[in-house]
Each structure stands twice: as structure tokens, then as C-alpha cells.
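This report concerns only the one structure given below.
Hydrogens, waters and symmetry mates play no part in the numbers below; they use all other heavy atoms, side chains included. Letters A, B, ... are given to chains in the order of the sequence lines, protein chains preceding strands, and every chain is numbered from 1.
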Amino acid sequence: MEYTYYPGCSLEASAKGYDESFRFVFQALGQKLVELEDWNCCGATYYMATKETISLVISARNLALAEPYGHDLVCPCSSCYTILYKTNHILKNNRIMKAKVDQALKKDDLKYDLGIKVRHPLEVLVNDVGLETIASKAKISLAGMKIAQYYGCQIVRPDRGLDDKENPQMMDSLFAALGAENVYFPMKVRCCGGMLMTTYPDVALELNKKILESARQNGANLVLTTCPLCQINLEAYQDKINKKFKTDLHLPILFFTQALGLALGGDPKELGIKRSLIPFPTKENRLEVTK
Amino acid sequence: MRARKRKAETEGAYSRKEKELRDSLLLQVANIPGGESIKKCIQCGSCTGSCPVSYTMDITPREIIALFRARDIESILSSRTIWICASCYACTIRCPQGVQVTDILYALKRLAIEQKIYPKRFPVYSLSKAFVYLANRYGRSYEPGLIVAYFLRTNPFKLLGMIPLFLKLFFKGRIGILPKKIKGSKNFSKILQEAEIMEMVVPVVES
């Protein structure tokens with residue numbers, strides 16, 4: 001199948017490894033990706049919090065640009081996915097908002113005819129490609145990986161009808177099919193605080209500490225995420241958490257596409273795993289990836 | 001009857017002008033997509049119980065809904081709650097009545113910003129403003145620019161503390177040197193100008 005790819009700002013910078021591994025995984029599974037030409041920032045939650053109509057217009061520009069491609073729009077960043085999905089939903093259900101947005105888009109001769117489906121790659125992999133196909137194309141077993149599957153807030157909430165909202169299973173079943181062990185992880189959809197790490201760091205550090213401690217207490221040697229913001233919060237602030245709460249956390253945090261890429265025979269460098277601040281695998285729990 | 005009416009206008013009750021203002025503010029929030037759900041709240045507190053940050057709020061999400069229905073908009077807009085919400089939607093999905101708590105908090109945030117009810121150098125507003133500035137200018141977000149603009153607006157000294165993390169990310173190739181500008185940025189600003197006007201257009205309630 002062919003998909004239109006909306007990278008989003010993070011995947012060009014702090015989440016570069018997500019971009020690299022995402023492209024690799026889709027290629028390895030024989031799925032075609034075409035990057036959306038001249039996409040703009042989705043507006044993120046910052047914009048949603050200040051100007052409603054403008055935030056919808058900004059993200060609708062991407063939908064309008066993507067429409068002529070004629071394929072589903074795939075957004076790996078959880079925040080972009082949520083915003084674009086929500087915009088699409090509002091435009092489909094609220095004629096007044098649609099009219100306001102249309103009026104603004106007209107200034108650049110753009111038009112959105114509600115023909116786009118916004119999707120997250122995790123769901124595309126599980127539903128379109130299928131677990132059996134992925135497992136059959138896997139070259140390396142992930143046995144030895146004890147994974148805490150961290151979904152974060154935005155991909156299952158509010159209601160997308162994709163997966164269970166409290167206990168999603170998509171990543172769990174994907175990695176179980178690849179031979180990895182999923183540890184019990186009650187914090188899998190607990191919020192990492194998102195932008196609170198900048199605005200109220202004390203609150204966000206506490207949230208992240210709880211998530212990381214839960215993962216470690218349950219025996220995880222790796223945490224997988226679907227979101228650039230979760231990834232950077234959980235990874236880059238572990239030093240600060242250790243200092244503040246006198247803990248000794250040292251858990252590698254990867255994007256789910258990076259671990260999946262390893263199973264599909266990818267090299268850690270081309271999957272962007274070398275970009276991690278906390279090296280994977282760690283010294284203490286060297287993974288024995290067996291063929 | 002007349003005596004009681006006069007009393008209502010003097011003691012504690014609001015003048016007509018203030019009442020109109022208050023009503024229009026409340027309407028603005030209730031008018032967002034899903035805003036009508038606020039009427040269905042049964043005050044069970046599932047939202048507060050589900051919220052990962054309610055422990056650090058001054059007014060809990062449940063109380064926000066109650067205050068809203070009691071038309072006490074000042075308490076809400078001057079609370080810490082609307083700013084501490086990380087918009088994780090845990091409350092929204094657990095609400096047995098389908099109240100769109102997160103989206104309502106968004107609307108309240110917007111209202112507080114419009115009414116300029118926030119402290120000086122206020123973190124959330126500063127971050128929003130920095131983000132909006134960059135997004136408007138380049139059409140894309142630029143993380144280092146965002147962080148610098150944010151700390152310049154709030155506490156420039158804290159910027160020094162960010163340098164080690166910046167360097168670590170930089171050497172891993174995770175920070176762009178310059179912001180990327182979209183090609184259609186000229187037309188993008190035209191769209192934004194029009195959107196700004198559309199923002200002013202007050203939505204009519206759709207049945």
C-alpha cells in the first residue's frame with residue numbers, strides 16, 4: 001500500500017531516529033511512503049490552547065495539501081496525529097468551523113474536501129500490514145528484550161476506537177509476535193507531562209519518575225514509545241530525576257519503530273539508535289539478540 | 001416583588017452589564033465543539049481521580065465544572081488548574097457522562113489569555129507565545145528557538161542550565177542548526193491573516 005507521510009517538526013530534529021527507523025520499517029515491509037510536500041507545523045497543543053480557529057486552519061492546510069495524493073496520511077508523532085485527527089474530525093462534524101477554515105484556506109487557493117484519513121503508523125502496521133506478515137519478515141528474534149510498552153496519552157485518547165483506551169494492546173501484540181517479552185506495566189497510558197517539563201518541571205519530573213520506576217520495578221530493560229515528546233521527557237531528564245529523587249534510573253528509551261527495525265534486520269546506525277542519550281543495549285543488561 | 005428585585009440588583013448580584021459580559025464568556029466556553037456536555041456532569045469526581053496532576057491543582061477538575069455551572073468564572077480563570085492541565089485526556093475518556101473536560105479546559109485557557117488573566121512572565125503563556133511566533137514566521141516549529149524564546153521571556157538565567165542537554169542532543173545530531181522555512185510561507189501568512197479574522201467571527205450555536 002501507499003501512504004502519505006507527514007513527519008512533523010520533531011521528526012526532523014530531536015526525534016530524528018524516529019524518522020529514520022519509520023522509513024526503514026515501512027520500506028522493509030514493502031509499504032510505499034511519499035512525504036507530503038511543503039507541510040507545515042500541525043500547531044501542536046500550544047496553538048490549540050491559544051487560538052482555536054487559527055489552530056484548525058494551520059493543521060487543515062496539511063490536510064488540504066495531502067488530499068490530492070489520494071492516500072491515508074500517516075503521522076508518527078503522537079501530538080501531530082492527535083491534532084490532525086481532531087481537526088479532521090471537527091471539520092467533518094462542524095459546518096461553521098469548516099466554513100471558517102475554508103475561508104482562510106482560500107487565500108492560498110487551497111481547498112479541503114474532507115477526503116483524508118489521518119492514521120498512526122502503529123495502527124497501520126497492526127491493521128493494514130498485519131502481525132503475521134511482520135513476523136514472517138522478521139530476521140532477528142527479539143527474545144531477551146523485556147519491554148515496558150509506553151503508549152502515552154495521545155494515540156489512544158480521547159476516543160479513536162483504535163484500541164482499548166486504558167489498556168491498549170497494539171504494541172504488546174506486535175512485540176510478542178517478534179519474540180520479545182512484555183512486562184506488566186500499569187503506567188502504559190499515564191501522562192508524561194508533555195510540555196509541563198518546560199513550564200512546570202517539578203510536576204513533570206515527578207510524573208516521569210513514576211513511569212520509569214514502574215517500568216524498572218516490573219523488570220523492564222527497555223521502554224518503547226510512540227511519541228517524540230514522551231521519548232525526550234523520559235530519556236533526557238533521567239539525570240535530573242536521579243538527582244532530584246535520589247534514584248538510579250538508567251533505562252534506554254527507544255521509539256517502537258527502532259526496536260521493530262532491529263527485528264527486521266536493520267542496523268542500529270541506520271535506525272537512529274546511536275542517537276540515543278542512554279545507550280542501547282546498556283552495559284548492565286546486554287541483550288542477547290538471537291537469530 | 002419590586003422590592004425583592006431591587007435588592008437583587010444591589011446586594012451581591014451583578015449589574016446588568018457585568019451579567020451580560022459574564023454570560024457571553026460562559027457562552028463562549030459552552031459553544032466549543034462538545035461544550036454542551038458540561039450540563040450532564042453528575043459531580044462524581046472521576047475526572048479528578050483520573051487526573052495525573054490533580055494533586056498539584058488548587059481547584060480540581062470536578063470543582064471547575066461545578067464552578068462553571070455556578071457561573072463563577074473569575075475563580076476558574078484565576079486558578080492554577082487550567083495551566084497545569086497537560087491535556088492527556090484521562091478525565092475525558094473516563095467521564096461516565098461524556099463531559100469533554102480537556103477541551104473545556106482548553107477553552108478556559110483561551111478565555112483567560114483573551115482576558116489577560118495570568119501573572120507576568122507566566123510560563124504557559126510565554127511558551128505558547130514563543131511557539132506561535134515561530135510557527136507563524138517559519139511555518140514550522142524550531143525546538144532550540146522555542147526554548148531560547150521561552151526562557152528569555154521567563155527566566156533567562158535558567159537558559160544556562162539547558163546548555164548541557166543542548167550539547168548532548170547536538171552531538172547526537174538531534175538539533176537542527178537553523179530553522180526550516182516552508183516554501184509557501186508567503187501564502188501561509190495570508191492564510192493566517194484571514195484565519196485571524198475568522199477567529200473573531202463568533203460561532204452560532206449549531207443544533
Side-chain angles (χ1 to χ4, degrees), chain A residues 9-10 12-17 38-41 43-54 56-58 61 90 93-97 100-101 103-110 153-154 157-159 165-166 189-196 198-200 203-204 207 236 274-277, chain B residues 32-33 52-53 56 83-84 86-90 92-94 100 102 106-107 109-110 113 123-129 131-132 134-135 138-144 147 150 165 168-169 172-176 180 182-184 187-188 190-199 201 203-204 206:
Chain A
C9 307
S10 296
E12 293 212 317
S14 63
K16 191 81 192 126
D38 208 35
W39 53 271
N40 60 270
C41 169
T45 47
Y46 307 105
Y47 235 126
M48 211 50 128
T50 46
K51 298 273 170 82
E52 191 181 27
T53 311
I54 299 180
L56 293 173
V57 169
I58 287 178
R61 178 179 179 268
I90 291 176
N93 291 291
N94 191 318
R95 284 180 288 134
I96 292 165
M97 279 300 180
K100 285 168 130 191
V101 169
Q103 175 63 28
L105 289 180
K106 224 186 262 175
K107 294 285 153 182
D108 192 14
D109 294 326
L110 288 170
C153 331
Q154 312 270 316
R157 294 200 297 255
D159 204 351
K165 288 169 278 181
E166 302 278 353
V189 292
R190 192 79 168 171
C191 179
C192 74
M195 59 171 183
L196 290 183
T198 313
T199 51
Y200 291 97
V203 177
L207 294 175
K274 297 265 184 233
R275 297 182 189 275
S276 306
L277 300 179
Chain B
I32 61 159
V53 288
T56 173
W83 307 110
I84 211 100
S87 66
C88 79
Y89 289 96
T92 306
I93 59 152
R94 285 190 184 163
Q100 303 289 310
T102 313
Y106 266 136
K109 250 182 250 193
R110 287 195 289 268
I113 289 173
V124 179
Y125 180 61
S126 305
L127 186 62
S128 265
K129 216 165 168 193
F131 181 85
V132 167
L134 285 166
Y138 298 106
R140 296 207 181 154
S141 168
Y142 176 57
E143 289 154 343
I147 295 297
Y150 168 73
L165 179 59
K168 270 200 268 179
L169 288 171
K172 294 283 181 186
R174 288 171 68 174
I175 283 181
K180 288 187 180 167
I182 58 167
K183 275 184 248 150
N187 287 333
F188 186 66
K190 277 190 208 158
I191 295 181
L192 280 177
Q193 276 169 16
E194 188 71 11
E196 196 91 46
I197 299 167
M198 286 299 116
E199 187 80 58
V201 177
V204 185
E206 195 173 17

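Contacts between A:Leu277 and chain B at a heavy-atom distance below 4.5 Å involve backbone atoms as well as side-chain atoms. For A:Lys274, the part sitting under 4.5 Å from any heavy atom of chain B is the backbone (N, CA, C, O) and nothing else. Heavy atoms of B:Leu165 lying under 4.5 Å from chain A belong exclusively to its side chain. Looking at A:Val57, only its side chain comes within 4.5 Å of chain B, counting heavy atoms on both sides. Interface remark: A:Ser10 contributes backbone and side-chain atoms alike to the contact with chain B (heavy atom separation under 4.5 Å).
Side-chain atoms of A:Arg157 never come within 3.5 Å of backbone atoms of B:Thr92 as a donor-acceptor pair (strictly under, hydrogens ignored).
For B:Glu199 and A:Lys100, the salt-bridge test fails: no basic side-chain N is under 4.0 Å from an acidic carboxylate O.
Put simply, of A:Lys106, A:Gln103, A:Lys16, the one with the most heavy-atom pairs under 4.5 Å next to chain B is A:Gln103. Ranking B:Ile197, B:Leu169, B:Thr56, B:Ile84 against chain A, the residue ahead of the rest is B:Ile84, based on heavy-atom pairs under 4.5 Å. The most heavy-atom pairs under 4.5 Å with chain B, out of A:Cys153, A:Ala236, A:Cys41, A:Ser14, come from A:Ser14. Per-residue heavy-atom pair counts under 4.5 Å with chain A were compared for B:Lys172, B:Arg174, B:Lys190, B:Glu194, and the maximum is reached by B:Arg174.
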| Trace of the side chain to side chain contact (heavy atoms under 4.5 Å, CB included) decision for A:Trp39 with B:Arg140 | CA-CA 8 Å; A:Trp39 53 271; B:Arg140 296 207 181 154; 3.4 Å; yes
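Listed by chain and residue number, A:Arg61 satisfy the side chain to side chain donor-acceptor pair (under 3.5 Å) test with A:Asp38 (two or more places apart in sequence, or in another chain).
A distance of 10.0 Å separates CE in A:Met195 from OH in B:Tyr150, rounded to the nearest 0.5 Å. Here B:Cys88 contributes atom SG and A:Gln154 contributes atom CD; the two are 8.0 Å apart, rounded to the nearest 0.5 Å. Expressed to the nearest 0.5 Å, how far OH of B:Tyr138 lies from SG of A:Cys9 amounts to 13.0 Å.
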